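Just so it is clear, the model here is predicted, and its values are computed rather than measured.
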Amino acid sequence: MKALNVWIVLVAFLLAGCAGTRTGQGQAVEIERLKVLDWDSDSFYSRYGNYFLYEFPQIRFEVVPLKQVYASGSPPEQEQELARLVASEKPDLLFLNRMQYRTLQANGDLFPLKSLLGDRVFESLHKGVFELLKFYGGDELYGVAASMNSSFLFYNRDLFDRYGIRLPDDQMDWEQFAWLAMRFPAGRTLGLYSPSPEPSSFLTNIGVSEGLSYLSPDKSKVTMNTDGWAEFAELLKSLYAGKTVNAWETPYNRENHPFLHGEAAMTFGDYGFYRLLEERSLPFAWGVMPLPGSDRTRSAIDLEQVVSVYKDSEKAETAAKLIEYMTGEKMTRMLERTKASLSASLHASAAADAAHPFHFLYGRNANLGAIASYMNVSEMPDAFNAEFSAFYEDTIRKIVQDQIGVRDGLAEIEKFGNALIANIPEPALDAGVRP
């Protein structure tokens, strides 16, 4: 693959050299050089750079590798190193993940793109992606996303037919989903295979998707002993008690995934899992749909990569031109053919084609409440998260094993979490807050 990428780059470069040094009237064209921040050269050229070279033969790129930032150090040290790298190299165009985007936006290192791009580019974005860009950017637009990801429910159509069970539908809430999964005979077929089988993670994901959060917005209080959390904990207990879902001791890897072997009726996965299913010749029919939930207007959408412009770039207009091309119809269709990612553009065929398996996603908003909840927890001091997670995990296991009552267990988690918060010194709490 690396050799192929090098060959493509060479061909594109030669095309650029032939076509980009002269105009149709034989006049020399000035070569423009842009500095790009991306994971490494291979990542940039294989995903976007080769297309840029062909479409804009007068532009040359120097890639500043991001991977050097993550060679060592703790997450806070890596954030500081990222800031130092950007300040030192001053890249014109930056390809970032959402956390890097948040860090650099908070540092004031990114150019507000509305003035550069106008409305047209942003109006062509999936509405959930647009919401996320503003959310991560502090209500301002400092980046554009060409791709996104989400979580989905996958189901084995043949197993449903074999046992005479109705197929899942996109109107199910979590309770209806659980009862559907429990209709499959335990010991013969898993109703659900969870790639993250730890019950505490499962409970958190369900609760947060439904608007619950165990940590208050100001991070001063843990609240779990509520009717909402209890309802979902009881549901989870039923799934594990009936052996409908895989035990948490089950090691996970894609080769022993029961869904791939026709041994599980349903599972959760992202776009990468969809690609895996597409690539394999599975001996059964399968389908994909939104995750269960009471709110059918929102989905668990998140940004895969954000493209931004450095605040002091002298090539900001050229960088903006590349972003506009990258999110336009022509490149969207070219990238779609690679099936490498799920397009964030409304130019994508999935947005217009009602028969496309992911068409439903393009009419949905992002679940910003869920993302805010996860971010809130991630900003707590590491020591709190480590201790609380261990206690939370152990107690939820006891609940699903019926070693402790649901409300008693949730009350213990709440009490333990609040005791931890009470012992966090204010400076340590402030230090734990990271973009």
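Remark: side-chain polar atoms of D218 are paired, donor with acceptor, to backbone N or O of S220 under 3.5 angstrom. Side-chain atoms of N149 never come within 3.5 Å of backbone atoms of D302 as a donor-acceptor pair (strictly under, hydrogens ignored). Within the 3.5 Å criterion, the main-chain N or O of G137 finds a donor-acceptor partner in the side chain of Q105. Remark: side-chain polar atoms of T338 are not paired, donor with acceptor, to backbone N or O of M334 under 3.5 angstrom. A donor-acceptor contact shorter than 3.5 Å is absent between the side chain of R157 and the backbone of W286. Checked by atom type and distance alone, the side chain of S294 never pairs as donor or acceptor with a backbone atom of D173 at under 3.5 Å. In this structure, S299 contributes its side chain and I301 its backbone to no donor-acceptor pair below 3.5 Å.
Inter-residue side-chain proximity for L66 and L82 is flagged as met; some heavy-atom pair is nearer than 4.5 Å. Looking only at side-chain heavy atoms (C-beta outward), F184 and I165 come within less than 4.5 Å of each other. In this structure the side chain of Y51 reaches within 4.5 angstrom of the side chain of L335, judged on heavy atoms. Residues Y163 and R188 meet the side-chain proximity criterion, which asks for heavy atoms closer than 4.5 Å. The shortest distance between side-chain heavy atoms of Y101 and L94 does not fall below 4.5 Å. The shortest distance between side-chain heavy atoms of L153 and M172 falls below 4.5 Å. Between K35 and K90, the closest side-chain pair of non-hydrogen atoms is not below 4.5 Å. You'll find the side chain of L291 stays beyond 4.5 Å of the side chain of S209, heavy atoms only.
Residue E336 holds its CD atom at 9.0 Å from CG of L342, rounded to the nearest 0.5 Å. Here the straight-line distance linking atom CG of L260 with atom OH of Y193 works out to 9.5 Å at 0.5 Å rounding. One finds the CD atom of Q80 at 10.5 Å from the OG1 atom of T103 (value rounded to the nearest 0.5 Å). Note that CG of D119 is 4.5 Å distant from NZ of K114, once rounded to the nearest 0.5 Å. To the nearest 0.5 Å, atom CG of residue L110 and atom CG of residue L96 are 6.5 Å apart. Here CG of N256 is found 9.5 Å from CD of E263. Values are rounded to the nearest 0.5 Å.
Pairs engaging residues 338-358 under the salt bridge (Lys or Arg N to Asp or Glu O under 4.0 Å) rule: E278-K339 [sequence neighbours left out].
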### Task
Test L159 against M266 for side chain to side chain contact (heavy atoms under 4.5 Å, CB included), laying out the working first.
CA-CA 9 Å; L159 284 179; M266 295 181 285; over 6 Å; no
### Task
Please lay out, stage by stage, how L104 and Y310 fare under the test side chain to side chain contact (heavy atoms under 4.5 Å, CB included).
CA-CA 9 Å; L104 296 178; Y310 183 60; over 6 Å; no
### Task
Please assess L133 against L125 for the test side chain to side chain contact (heavy atoms under 4.5 Å, CB included), listing each intermediate value before the final yes or no.
CA-CA 10 Å; L133 288 168; L125 292 178; 3.7 Å; yes
### Message
Could you walk me through whether F202 and F232 satisfy the ring-ring contact (aromatic ring centres under 6.0 Å, His included) test, starting with their C-alpha distance in whole Å, then the side-chain angles of each, then the deciding distance to 0.1 Å, before giving a yes or no?
### Response
CA-CA 10 Å; F202 201 166; F232 293 127; over 10 Å; no
### Query
Between R98 and L132, is a side chain to side chain contact (heavy atoms under 4.5 Å, CB included) present by the stated rule, with each step listed?
CA-CA 9 Å; R98 58 180 172 81; L132 286 167; over 6 Å; no
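Side-chain atoms of S43 and D40 form a donor-acceptor pair, as typed in the model, at a separation below 3.5 Å. Using a 3.5 Å distance cut-off with no hydrogens or angles, the side chains of N205 and Y374 do pair a donor with an acceptor. Side-chain N/O atoms of T204 and Y392 include a donor and acceptor closer than 3.5 Å.
The pair D227-R407 counts as a salt bridge, with a side-chain nitrogen and a carboxylate oxygen less than 4.0 angstrom apart. Using a 4.0 Å cut-off between a side-chain N of Lys or Arg and a carboxylate O of Asp or Glu, K221 and E414 do not qualify as a salt bridge. Under a 4.0 Å N-O distance rule, the pair R84/E81 qualifies as a salt bridge. In this structure, E62 does not pair ionically with K315, as no charged nitrogen and carboxylate oxygen lie closer than 4.0 Å. R162 has no carboxylate O lying under 4.0 Å from a charged side-chain N of D158, or vice versa, which leaves the two without a salt bridge. Salt-bridge annotation for E412 and K415: absent, with no side-chain N of the basic residue lying under 4.0 Å from a carboxylate O of the acidic one.
Environment of NZ in K127: crowded, with over 12 heavy atoms of neighbouring residues, nucleotides or ligands closer than 6.0 Å. Within a 6.0 Å radius of CD in Q403, more than 12 heavy atoms belonging to other residues, nucleotides or ligands are found. Within a 6.0 Å sphere centred on CD of E317, other residues, nucleotides and ligands contribute 12 heavy atoms or fewer.
Between F52 and F95, the angle of the ring planes lies from 30° to 60°, which puts this pair in the tilted group. F152 and F360 have perpendicular rings, their planes meeting at more than 60° on a 0 to 90° scale where under 30° would count as parallel. Classification of the Y214-F388 ring pair by plane angle, with boundaries at 30° and 60°, yields tilted. The aromatic rings of F391 and F416 lie parallel to each other, their planes meeting at an angle below 30°, with 60° marking the opposite boundary.
Between Y362 and H356, a ring centre-to-centre spacing not shorter than 6.0 Å is recorded. For Y274 and Y271, the gap between ring centers is short of 6.0 Å.
The heavy-atom pair separating M289 from P168 by the smallest distance is CE-O, 3.1 Å.
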